[in-house]
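Okay, so here's the structure we're looking at.
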There are 2 protein chains.
Amino acid sequence: MAGPVQSIERAAAILRLLAGGSRRLGLGEVASSLGLAKGTAHGILRTLQHVDFVEQDPATGKYQLGAALLHLGTSYLDVNELRSRSINWADALAARSGEAVRLGTPLEGRVLVIHHVFRPDDTLQTLDVGALLPLHASSLGKVLLAFGATPVDPLLEDEPEAYTRHTLVHPEQLNRALGEIREFGWGAEVQEMSMGEAGIAAPIRGQGGLVVGAIGVSGAVERICDTKGRPQPALITVLREAARAISRDLGAARW
Amino acid sequence: MAGPVQSIERAAAILRLLAGGSRRLGLGEVASSLGLAKGTAHGILRTLQHVDFVEQDPATGKYQLGAALLHLGTSYLDVNELRSRSINWADALAARSGEAVRLGTPLEGRVLVIHHVFRPDDTLQTLDVGALLPLHASSLGKVLLAFGATPVDPLLEDEPEAYTRHTLVHPEQLNRALGEIREFGWGAEVQEMSMGEAGIAAPIRGQGGLVVGAIGVSGAVERICDTKGRPQPALITVLREAARAISRDLGAARW
DNA sequence: AACCTCGGTCGGCATTGTCGAACGGCAGTC
DNA sequence: GACTGCCGTTCGACAATGCCGACCGAGGTT
């Protein structure tokens, strides 16, 4: 038995499917999306429902994610070492920079936000811990790509989505950008995901120097960048100091 | 095949086990805790790891929850109708009451917090969305029990944990309290979970009038209660108004 | 250096999940 | 109001599948 357990893989695929489509899904949709017989999909869904990973709308019979997942997700945050060691540094970085701070780690070809400190003013902001950002259009993602925390190949093969006219979509552009990130030790994103917004990020290394995540600050482009459209040197300095401090906490010898 | 899928149930049990023990668990511990052969547990863990539901510490070989669960958990929040319809009312309630507001729904003999609005001052508070509260010692839990949103039996059979000297642990006490909650339409908890803290809660009803959740405000006992140790009538009024408004939004005819 | 513990692997067996067809309820339609 | 899709659910037979328990090798400990 070298292979993975089939039914569990299928269950996970169903959960991801339900997480992706933001609306409730019917049994038929689930079965055909995954190429399963209706009976099979029903058995798995029934089990997932039984363990509260999935809920069923009693009226329509359609399925959606269940409450138990919320608790598991927050439990993950509790045990995540990268996050727990970063919290204090992230708070300090937000205070020093005056901007929102995010921590990301690679997940399934995207960046999972595992910590988020609001910009220290009283404006209304939404917590996006648990959100997935694109690799090629976020500063966190570009840093993770540059330092090999997640494979680049899929992005080079078929052209990724362009969110704005500044998004790097050509393999050549992306490769050059990643090279520069490797060279300087930090990465930026200026209006590549959303016009008017920019961010910079730096890698976080674990034991052995492997890059396990990234930390970044982001905000309005006129605050992050100088008049020439380049990230403020002062911000880069405090960001890199925070990244180094966290890496040290995690056991990365010296970087 | 009427029964649930065995391997998926086991996988879910492993995930819950990992979520419970806050430290990383070894293969042997997992296997023996669930009464499985090591090989079996390993196969399931390998699969869970493959779908990012579980991570393995490369150094020690021990297992912990994986990143994909965080995204699934927040995706649950996105589709949860009770939560999305409550957010505005919860904000307003926090503003009117000046206290922290929480929304809960039953999960596995506990109360799952699905929304949390901080007390509207600038003190440091930790977000406990995703946390599990006890049924018998929280205002949210007592309301859910009183209105049949979750079975009472397990608490009456063996005596639940006493967090403080005010915690209701005797079946008789609990039953009387639940009866009063049913009668008045709201419930309170005064220093039953933590000394100096109190909370009040009211039920939220969905279509058909079934209680699907509860909303509550909580804070220091001297702000929640009057000098006689009884909840402030003004707070109860605004709380019940919010609960009724949300119930109406959810399609409960009139309550 | 021998021991012990722990995570991982392997092969045989039968338990287990899968499949496809048939059922029953619901809603929209003619 | 009968008809007709559609959809979630049930059922039984088959064999593929995952389960078990013994075995392996590495790391740490005594």
Side-chain angles (χ1 to χ4, degrees), chain A residues 1-18 21-66 79 81 206-208 251, chain B residues 1-18 21-66 79 81 206-208 251:
Chain A
M1 188 188 66
V5 177
Q6 185 188 50
S7 54
I8 296 176
E9 274 200 319
R10 289 174 167 178
I14 289 180
L15 291 177
R16 275 205 286 265
L17 188 68
L18 290 174
S22 56
R23 70 182 203 293
R24 289 186 256 259
L25 260 44
L27 172 63
E29 298 175 273
V30 171
S32 65
S33 296
L34 275 65
L36 297 177
K38 273 200 302 181
T40 306
H42 177 65
I44 296 173
L45 280 167
R46 175 156 33 84
T47 309
L48 289 173
Q49 184 180 9
H50 184 246
V51 295
D52 288 322
F53 282 25
V54 151
E55 293 173 1
Q56 185 175 26
D57 185 329
T60 66
K62 291 186 186 296
Y63 294 93
Q64 63 170 66
L65 296 181
V79 297
E81 196 177 353
Q207 289 184 20
Chain B
M1 188 190 64
V5 178
Q6 185 190 51
S7 53
I8 296 177
E9 274 200 319
R10 289 174 167 177
I14 288 180
L15 291 177
R16 275 205 287 265
L17 187 67
L18 290 174
S22 56
R23 72 181 201 293
R24 290 186 257 259
L25 259 45
L27 172 62
E29 298 174 273
V30 172
S32 65
S33 296
L34 274 65
L36 298 176
K38 272 199 302 180
T40 306
H42 180 248
I44 296 173
L45 280 168
R46 175 155 34 85
T47 309
L48 290 173
Q49 183 179 9
H50 183 246
V51 295
D52 288 324
F53 282 27
V54 151
E55 292 173 3
Q56 185 175 25
D57 186 328
T60 66
K62 290 186 185 300
Y63 295 93
Q64 63 170 66
L65 296 180
V79 297
E81 196 176 351
Q207 290 183 19

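Residue numbers start from 1 in every chain, and the chains themselves are labelled A, B, ... in the order their sequence lines are given, proteins ahead of strands.
- Between Ile8(A) and Lys38(A), the one whose closest nucleotide on DNA chain C sits nearer the 5' end is Ile8(A).
- Side chains of Lys62(A) and Glu29(A) form a contact here, defined as non-hydrogen atoms less than 4.5 Å apart.
- Contact annotation: Arg10(A) reaches the phosphate of dC19(C) (side-chain N/O to OP1 or OP2, under 4.0 Å).
- Contact check, Gln49(B) against dG7(C): no side-chain N or O comes under 4.0 Å of OP1 or OP2.
- Gln6(A) has its CD atom 11 Å from the P atom of dG17(C), to the nearest Å.
- Glu9(A) has its CD atom 15 Å from the C1' atom of dG17(C), to the nearest Å.
- Distances shown here put every side-chain N or O of Gln56(A) at or beyond 4.0 Å from the OP1 or OP2 atom of dG8(D).
- The shortest distance between the side-chain N/O atoms of Thr40(B) and the OP1/OP2 oxygens of dC20(D) is below 4.0 Å.
- Between Leu36(A) atom CG and dC19(C) atom C1' there is a gap of 11 Å when expressed in whole angstrom units.
- For the pair Tyr63(B) and dC6(C), the criterion of a side-chain N or O lying under 4.0 Å from OP1 or OP2 is not met.
- For His42(B), a side-chain nitrogen or oxygen approaches OP1 or OP2 of dG8(C) to under 4.0 Å.
- With rounding to whole Å, Ile14(B) atom CD1 is found 13 Å from dC19(D) atom C1'.
- At whole-Å resolution of the value, CG in Leu48(B) and P in dG18(D) are 13 Å apart.
- We find that NZ of Lys62(B) is positioned 8 Å from P of dC6(C), with the value rounded to whole Å.
- Taking the side chain as every heavy atom from C-beta outward, Phe53(B) and Leu15(A) approach each other to under 4.5 Å.
- Counting any heavy atom pair closer than 4.0 Å across all strands shown, Glu29(B) reaches no nucleic acid atom.
- Distance Arg24(A) CZ to dG8(D) P: 13 Å, rounded to the nearest Å.
- With Tyr63(B) as reference, Leu45(B) is the one residue of Leu25(B), Leu45(B), Leu17(B) to meet the side chain to side chain contact (heavy atoms under 4.5 Å, CB included) rule.
- Under a 3.5 Å cut-off, the side chain of Glu55(A) and the backbone N or O of Gln64(A) do not form any donor-acceptor pair.
- Put simply, the side chain of Arg10(B) reaches to within 4.5 Å of the side chain of Gln6(B), judged on heavy atoms.
- Each of dT9(C), dT9(D), dG18(D) was ranked by its minimum atom distance to the side chain of Arg46(B); first place goes to dT9(C).
- Atom CD in Glu55(A) sits roughly 17 Å away from atom P in dG8(D) (whole-Å rounding).
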